Amino acid sequence: MTQQIRQSQFVITYGPGAILEGQAGPRIIPNPEVGLFYQNSGRVPEDFEISDQRMSQGLLQSARIFRLPSNAESGLSNNAPLYRTKPFPNWSLCLGGGHGGDVGILYQGHQCPVCRTQGRRRQESIRFVRACPAGHLDDVFWPSVVHRNAGCNHGDWFRWHGGGGALAQVNIECPECHQRANLGQAYGQTWSCGGRYPEREILGTGPLRPGCTQRAKIIQRQASNLRIPELRTLFTIPPRATRLHNLLQSSPILSVLTGVGPTAITGIAVLRPMLERLAAQRLISQAVVNEILQHDWQDIGEAINDVLRPVNTSFHELLTEEFHQLLHASRHGYPPVRQGRGPASPAIFEVIPATVRVFPFEHGGDIRVTPISRLQTVTVQIGYRREILGAGAGAQAGLTLVSFQDTQNRTWYPGVRFLGEGLFLSFERDNGWHPPFRSSSAAAWSSAGQQAARYPNQLFRAGVPDELSPVFVWWHTFAHLLIRSISIDSGYSSAAIRERVYFEAQPRRARGGVILYATQPGNDGSLGGLIALVPHFDRILARALEMLRFCSNDPLCIENHFAVGRYCGPACYSCLLISETSCEHRNLWLDREVLLD
């Protein structure tokens with residue numbers, strides 16, 4: 001049996017280590033080298049590579065990005081399995097009759113050892129697993145739960161008594177020694193962890209348990225905190241965005257260019273034999289060589305200089321680079337940048353100057369609204385965290401990477417490209433620099449910024465405490481108001497629009513901006529509807545300010561003042577909080593008072 005998922009689901013929702021609820025029971029998704037690029041599969045990751053220099057060299061430390069192939073391009077029918085999975089968990093619960101009363105049987109194997117019922121007509125996989133904050137996942141060791149070192153060696157199956165609305169109503173009994181354990185009590189306790197990563201085990205082999213010092217908890221296999229993907233998203237922005245740049249960024253060509261250096265490549269006569277040698281070695285195709293050489297040398301030379309220029313290696317620097325490019329495009333426009341062949345290929349970045357509008361805001365702070373008619377994002381899943389609460393004092397969820405190494409020791413991460421549109425907003429005056437704050441709420445955020453050590457680093461998007469600046473809080477709160485206003489005023493689903501908040505600080509001044517975008521296929525606003533709102537944005541701004549001033553939870557909401565050590569000021573689901581898929585900051589760093597003041 002096969003389960004259909006999209007490329008975006010593999011990166012954003014699932015990925016290695018995730019439990020997929022398949023048609024024939026739950027399955028765990030193995031690492032790509034186990035489930036997709038296994039030996040004799042006929043597939044190699046470079047055939048499905050996503051070339052993005054800023055992401056690969058900047059954030060991933062020269063690792064490479066692959067996308068999930070489709071069945072069609074692999075020459076398989078729609079129902080043929082492309083990515084192999086493995087059953088998990090391995091314990092099942094038989095709820096049929098024939099057990100000597102209203103009793104279920106908890107067992108591992110292919111059939112119930114009591115009634116001998118096979119298939120899935122009367123049995124289901126157990127919905128509990130064992131996990132620890134270090135990222136390990138395993139079956140619950142039910143013999144240990146039941147016996148508690150009582151000396152009984154029976155461990156193949158147990159009787160399951162009770163059920164209903166509470167776990168405390170379930171008791172598990174050993175059929176030999178009749179020792180019982182209450183599931184509710186076991187669920188609230190911690191257990192030893194075996195250090196197992198089932199997604200890394202070769203299919204057909206037994207579990208590997210090297211051990212772990214963390215304590216594990218019993219948790220439901222469908223719990224949202226069992227696996228929280230860690231994603232990185234960058235916009236494809238000029239100048240490293242054209243089709244020519246994309247070809248030159250392919251690993252074989254970029255390696256040669258880096259080894260030779262830009263000064264040694266003085267013209268097409270020097271470049272041609274280098275590319276021909278790569279084609280002769282079958283590292284690139286002859287079509288790629290011909291496509292590169294059809295450009296003028298001036299364009300090729302500029303593109304070579306661009307791709308050989310050092311790439312920013314921190315997320316903070318890459319975000320600042322995006323911010324500067326968007327600020328420039330908002331004032332000067334940008335012609336369509338295409339990543340395909342010819343003028344008919346879709347643009348991946350375009351800003352038409354005539355469509356930019358400036359709207360008056362309160363106290364003279366005019367807002368410049370820039371429609372980005374074409375916008376591309378590259379999203380990579382670098383790992384996941386298992387947020388297992390109560391697993392021990394001071395236990396924090398560590399990052400488990402989902403990368404793998406191919407036969408040439410090159411590191412790969414799963415990723416996906418999206419194409420859509422966006423709206424970029426910034427202050428009109430003083431090139432976007434924010435006017436000074438003089439309110440008590442802003443002073444409280446500034447004080448928190450001076451005590452950033454009280455906040456875990458993983459809460460900060462780029463590893464630096466930008467989020468504690470009142471300017472950042474201003475723009476983040478403003479972005480949430482706009483998303484809610486667009487949803488109410490224009491009918492778009494708020495979950496379909498995502499945000500990215502920009503922040504730049506200099507001595508004695510700071511500025512920010514926000515981009516609201518829709519790029520994922522099938523979402524509202526990804527077909528031109530979002531940028532079509534620009535002529536009516538005055539109405540959206542007015543509604544956003546109305547939502548800012550009045551909350552149905554007032555005065556409880558507005559009296560929830562920010563203080564050092566907290567993550568939000570006045571903010572609740574009635575006024576500011578939005579879907580977790582739309583906010584890059586987990587609905588943190590919000591404060592109505594910062595805007596109201």
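Source: prediction; values computed, not measured. Positions are given from 1, in the same order as the sequence printed here.
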Kindly indicate whether the side chain of V260, heavy atoms from C-beta on, has any atom under 4.5 Å from the side chain of I265. yes
Check ring-ring contact (aromatic ring centres under 6.0 Å, His included) between F537 and all other residues, then give those that pass, not counting sequence neighbours. none
So, using ring-ring contact (aromatic ring centres under 6.0 Å, His included) as the criterion, who are the partners of H316 when residues are at least two apart? none
Taking the six-membered ring for Trp, are [X] and [Y] closer than 6.0 Å centroid to centroid?
X    : Y    : result
H476 : H480 : yes
F66  : F404 : yes
F503 : W474 : no
W412 : F48  : no

What pairs meet the ring pair (Phe, Tyr, Trp, His ring centres under 6.0 Å) rule with one or both residues in residues 226-251, with sequence neighbours excluded?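 For residues 226-251: F235-Y517.
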Does anything in residues 272-313 form a ring pair (Phe, Tyr, Trp, His ring centres under 6.0 Å)? List the pairs, not counting sequence neighbours. none
Inspect the surroundings of [atom1] in [X] and state if more than 12 heavy atoms from other residues, nucleotides or ligands are less than 6.0 Å away.
X    : atom1 : result
Q506 : CD    : yes
H328 : NE2   : no
Q298 : CD    : no

Is the F460 ring parallel, tilted or perpendicular to the Y455 ring (thresholds 30°, 60°)?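 If you compare the ring of F460 with that of Y455, the planes turn out tilted.
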Which residues pass the side-chain contact (heavy atoms from CB on, under 4.5 Å) test with [X], sequence neighbours left out?
X    : result
L588 : L459, Y567, R586
V44  : E46, D47
L283 : P252, L278, Q281

Using modelled atom types only, decide if a donor and an acceptor are shared between the side chain of [X] and the backbone of [Y] within a distance under 3.5 Å.
X    : Y    : answer
Q381 : E230 : no
D430 : W433 : no
S485 : L482 : no

Salt-bridge test for E49 and R67: reply yes if a basic N is under 4.0 Å from a carboxylate O, no otherwise.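 So E49 does not pair with R67 through a salt bridge.
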Salt bridge (charged side-chain N to carboxylate O under 4.0 Å, His left out) partners of E33, counting only residues at least two apart: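 For E33, no residue satisfies salt bridge (charged side-chain N to carboxylate O under 4.0 Å, His left out) once neighbours in sequence are set aside.
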What residues form a salt bridge (charged side-chain N to carboxylate O under 4.0 Å, His left out) with R511, not counting sequence neighbours? E504
Provide the full list of salt bridge (charged side-chain N to carboxylate O under 4.0 Å, His left out) pairs with a residue in residues 455-469, sequence neighbours left out, each pair given once.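 Passing the test, one end in residues 455-469: R461-E584.
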Just grab all the salt bridge (charged side-chain N to carboxylate O under 4.0 Å, His left out) pairs involving residues 257-277, residues at least two apart or on different chains.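 Residue pairs with at least one partner in residues 257-277: there are none.
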Does any donor atom in the side chain of Q294 or N290 lie under 3.5 Å from an acceptor atom in the other side chain? no
Can W589 and W475 be said to form a side-chain contact (heavy atoms from CB on, under 4.5 Å), step by step? CA-CA 10 Å; W589 329 117; W475 280 103; over 6 Å; no
Counterpart residues, side-chain hydrogen bond (donor to acceptor under 3.5 Å, both in side chains), relative to R200 (two or more places apart): none
